[in-house]
Number of protein chains: 2
Amino acid sequence: MAHSHDIPTDLTRNQELVLGTLTASAGPLSAYDILDKLRGDGLRAPLQVYRALDKLVDRGLAHRLESLNAFVACADMHCHRKGLIAFAICESCGKVDEFADEVIEERLGTWARTGGFKVERTTMEIRGRCADCLAKAA
Amino acid sequence: MAHSHDIPTDLTRNQELVLGTLTASAGPLSAYDILDKLRGDGLRAPLQVYRALDKLVDRGLAHRLESLNAFVACADMHCHRKGLIAFAICESCGKVDEFADEVIEERLGTWARTGGFKVERTTMEIRGRCADCLAKAA
DNA sequence: AACGATATGTTATGTTATTACGCTTGCGGC
DNA sequence: GCCGCAAGCGTAATAACATAACATATCGTT
Ligand SMILES: [Zn+2]
Ligand SMILES: [Zn+2]
Ligand SMILES: [Zn+2]
Ligand SMILES: [Zn+2]
């Protein structure tokens with residue numbers, strides 16, 4: 001049976017290269033970081049990376065972290081249909097944890113309904129220290 | 001009696017100019033937008049604006065919107081000691097509404113405690129359409 | 001084959017943010 | 001007063017992030 005982690009097969013070459021780079025990385029990468037890693041594969045211009053990233057983000061295979069101007073591969077495809085994903089970003093090791101929370105989403109919906117605001121998308125990014133790094137620092 | 005909207009008196013000239021510009025603006029401004037508006041007052045270099053913005057953001061007098069790479073004046077100083085502020089940004093008119101929500105903050109705290117993550121700061125930005133713009137479009 | 005839609009490659013440019021360096025100003029201790 | 005420090009300021013240069021504009025290529029449909 002197909003497993004939810006399977007990489008889609010209909011990606012273009014550039015999209016596959018970019019997603020592969022993100023997946024192989026321990027943490028978020030900027031578009032230019034990605035470009036540098038893919039020079040050996042023939043990529044030369046930022047736009048090649050940005051175009052691939054656009055598609056990957058559209059499909060939920062990657063996420064943009066606004067507070068870092070960087071990108072990560074989706075951790076586990078749990079989230080593609082959920083409206084709100086929160087990211088916990090460790091300032092120390094760069095690791096990114098992603099999670100979806102219905103309570104927060106519902107609360108946001110309540111706020112929006114009250115004020116007549118139509119929510120189109122939400123970014124939530126939490127900066128701090130992960131458990132591992134806290135343990136090491138202790 | 002002192003009112004919470006009073007502008008602090010211990011700002012430097014550059015800080016005052018930048019905060020004034022933000023306060024006068026209907027929507028968020030980028031650092032370079034601010035710079036352009038302040039050329040007549042003698043400001044010449046991005047750094048002059050960025051330095052002022054750093055201080056203003058530190059003091060909670062202005063906020064940075066990560067998803068726009070832009071800045072707004074704090075709407076009403078209600079938030080300076082609260083950990084989490086959410087911003088609702090209208091894609092149509094640019095208006096930014098800010099609010100603090102204890103439920104969301106508590107929920108986030110719960111998630112963090114569970115995973116051993118130490119939250120240092122959170123950015124939450126909601127993109128969509130404000131009530132006014134929805135009414136106009138109808 | 002003709003067409004449209006999507007993807008690509010390339011160059012140039014635009015926008016946002018920081019580094020590095022030196023000068024000035026305000027202030028407490030002497 | 002004068003020293004020494006901390007904070008602020010001015011300027012130039014550069015780094016980092018993102019898009020515009022245009023030409024070509026690839027693929028499925030008719
Ligand atoms: Zn995801
Ligand atoms: Zn960590
Ligand atoms: Zn505020
Ligand atoms: Zn609006």
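Within every chain, numbering begins at 1; the chains are lettered A, B, ... in the order of the sequence lines, protein sequences first and strands thereafter.
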State, without any angle test, whether Ser67(B) and Glu125(B) hold a side-chain donor-acceptor pair at a distance under 3.5 Å.
yes
Provide, to the nearest angstrom, the distance between the CG atom belonging to Leu68(A) and the P atom belonging to dC17(D).
10 Å
Taking only residues two or more places apart in sequence, or in another chain, which ones meet Phe117(A) in a ring-ring contact (aromatic ring centres under 6.0 Å, His included)?
Trp111(A)
Flag the pair Lys118(B) and Glu91(A) as a salt bridge only when some basic side-chain nitrogen lies within less than 4.0 angstrom of an acidic carboxylate oxygen.
no
Given atom CG of Asp54(B) and atom P of dA7(D), what is their separation to the nearest angstrom?
14 Å
Looking at Leu38(A) and Thr21(A), what are the two nearest heavy atoms and their distance?
CD2-OG1, 3.4 Å
Please find the pair of heavy atoms, one from Met124(B) and one from Leu108(A), that lie closest to each other, and give the distance.
CE-CD1, 3.6 Å
Validation row: Leu53(B), Ile34(B) side chains within 4.5 angstrom (heavy atoms)
yes
Where is the tightest heavy-atom contact between His63(A) and Ile85(A), given as atom of each residue plus distance?
CE1-CD1, 3.4 Å
Could you give the start and end, 5' to 3', of the contact zone on DNA chain C for chain B, using atoms under 4.0 Å from its heavy atoms?
dT16(C) to dA20(C)
Under a 4.0 Å N-O cut-off, is there an ion pair linking Glu106(B) with Arg113(B)?
yes
How would nucleotides 8-15 of chain D be written as a contact map, 5' to 3', with B for base contact, S for sugar-phosphate-only contact and - for no contact, using protein heavy atoms under 4.0 Å?
SBBB----
